[in-house]
Amino acid sequence: MLAIGGAGVTAILGFVMVFVITAWFGNPLPVFGFDQSPEQPIAFPHTVHAGGEPILDADGNPKLAADGTPLTGIGLDCTFCHRTVTSTNVAGIPPVETCVTCHRVIGSIQSEPLTILRTIGLGDNPGPIQWKRVHRLPDHVRFVHEPHIRFLTASENTDVIANRDESAILAGTNPDGSVMPAVTCSTCHGDIKTQTQVAQVEPLKMGQCVDCHRKNNAPTDCTTCHF
Ligand code: HEC
Ligand code: HEC
Ligand code: HEC
Ligand code: HEC
Ligand code: HEC
């Protein structure tokens, strides 16, 4: 009996240890509500809006336009929707009005997610859509987008941009050598335009923040990032 009890306690302690260690060094295991990719109230696909690949229907076949040509993603710039990312601390999620400027007419009336969108966006009191946050730092941490985008878009810093191949960086480079803001987001968010449902792919733990700050002469005292 004691042996079995002991094994049970060891197993539970083992599980707790693994949980704490993975939570400390990386992303918490996706249990107890630490979901890295919550289901959204409207299944909004970044692939279609920010990507340029062919659009597939629910069965995986290419969707066709009225004239029979395959539909492809419309490749909107990230800053078309996340308007304040280059100027303030938050990137900003677009209001429902931005969505219905297109979806009043674009997209099938049979589409389930677009029906939800039109119900929320075309009534007498449009919005808001209750999006679930994917990336969220604890309340004691301060993060600001603007200085990061400014730093990463500067011509001499393109080697710090992560999760993006050289050709994509080159394609987003301006004549003066600086890069467009949208090229830099992958550093902390991964390649969002390939995600049908946004997931957090980088740990974004203190170690990762401080590592980059140290390498690039950014401030590392505690009050930089902690209230
Ligand atoms: C047509 C508008 C639109 C475009 C274009 C767009 N997004 Fe989004 N984005 C949204 C909406 C709406 C959400 C909230 C729903 C969700 O999380 O899927 C969102 C969510 C996100 C999130 C997660 C926010 C959180 O809760 O943590 C990130 C990161 C993000 N977008 C990055 C990007 C990047 C990078 C690009 C360019 C490659 C981009 N977005 C292009 C509309 C857009
Ligand atoms: C610039 C125009 C434009 C804007 C702005 C836009 N979309 Fe779209 N959206 C499209 C196009 C084009 C498609 C592909 C239509 C299709 O699949 O038939 C699409 C597809 C979708 C789909 C998939 C529909 C399906 O049946 O699978 C959803 C959901 C969606 N959009 C939601 C949104 C939301 C939410 C916003 C606002 C944050 C938004 N869109 C903003 C143009 C836009
Ligand atoms: C240096 C890392 C880093 C870069 C680069 C970065 N982000 Fe973020 N982003 C974060 C972190 C960290 C959070 C969570 C912030 C919080 O919880 O306070 C976040 C949150 C977000 C959110 C949700 C909350 C908000 O601010 O509206 C969106 C949307 C977003 N980022 C979009 C973008 C886009 C678009 C780009 C590129 C133009 C980008 N981010 C570049 C680290 C980054
Ligand atoms: C890719 C490298 C990189 C990563 C990753 C990164 N930072 Fe930074 N951060 C910088 C640089 C460089 C600056 C200084 C930019 C400037 O003003 O010249 C900076 C500036 C800041 C500032 C503003 C400091 C000030 O007083 O102006 C804060 C706050 C901050 N970072 C927090 C964070 C947090 C929190 C994280 C992790 C979630 C993080 N950073 C991840 C490179 C990075
Ligand atoms: C560049 C940004 C940055 C700097 C500088 C920084 N931190 Fe953090 N810190 C974070 C982030 C982001 C988190 C939340 C994510 C995590 O738990 O790692 C965090 C979390 C913490 C936590 C909570 C850990 C936990 O597991 O809950 C403590 C304690 C902490 N920091 C102390 C410090 C002290 C002390 C300093 C100064 C020596 C410092 N930090 C400097 C970004 C930073």
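Scope of the values below: all heavy atoms of this structure, side chains included, with no hydrogens, waters or symmetry mates. On a predicted model such as this, the values are computed, not experimentally measured, just so you know. Whatever order the structure lists ligands and atoms in, that order sets their numbers, starting from 1. We count residues from 1, following the sequence as given.
With atom 17 (O) of ligand 5 as the reference point, the heavy atom nearest to it among Gln208, His213, Arg214, Lys205 is part of Lys205. The heavy atom nearest to atom 23 (C) of ligand 5, out of those in His140, His226, Met206, is found in His140. Looking at Cys81, Ala91, Pro138, it is Ala91 that brings a heavy atom closest to atom 28 (C) of ligand 3. Taking each of Arg133, Arg83, Arg136 in turn, the one with a heavy atom nearest to atom 18 (O) of ligand 3 proves to be Arg133.
At a cut-off of 3.5 Å, with distance as the only test, no side-chain donor of Gln197 or Gln40 sits close to an acceptor on the other residue.
Nearest to atom 8 (Fe) of ligand 2, among the N, O or S atoms that His49 has, is NE2.
The closest approach between a heavy atom of Ala43 and any atom of ligand 2 is below 4.0 Å.
Of all the heavy atoms of Val90, the ones lying under 4.0 Å from any atom of ligand 3 are found in both the backbone and the side chain. In Val141, the part holding a heavy atom less than 4.0 Å from any atom of ligand 5 is the side chain. Looking at Ile149 against ligand 3, only its side chain comes within 4.0 Å, counting heavy atoms.
Of all atoms in ligand 5, listed by their number and element, those nearer than 4.0 Å to a heavy atom of Val210 are 3 (C), 4 (C). Distances below 4.0 Å separate heavy atoms of Cys225 from the following atoms of ligand 5: 1 (C), 2 (C), 3 (C), 4 (C), 5 (C), 42 (C), 43 (C).
Distances between N or O atoms of Thr101 and those of ligand 2 include no value under 3.5 Å. Ligand 2 has no nitrogen or oxygen under 3.5 angstrom from a nitrogen or oxygen of Ser108.
Atom 8 (Fe) of ligand 3 has no N, O or S atom of His135 closer than 2.8 Å. Cys102 lies apart from atom 8 (Fe) of ligand 2 in this respect, since none of its N, O or S atoms is found at a distance under 2.8 Å. Note on Cys99: not counted as a metal contact of atom 8 (Fe) of ligand 2, no N/O/S atom lying under 2.8 Å.
Between Phe44 and Trp131, the ring planes are perpendicular. Angles over 60° get that label, and only those under 30° would be called parallel. Taking the six-membered ring where the residue is Trp, His46 and His82 present parallel rings, their angle staying beneath 30° rather than reaching 60°.
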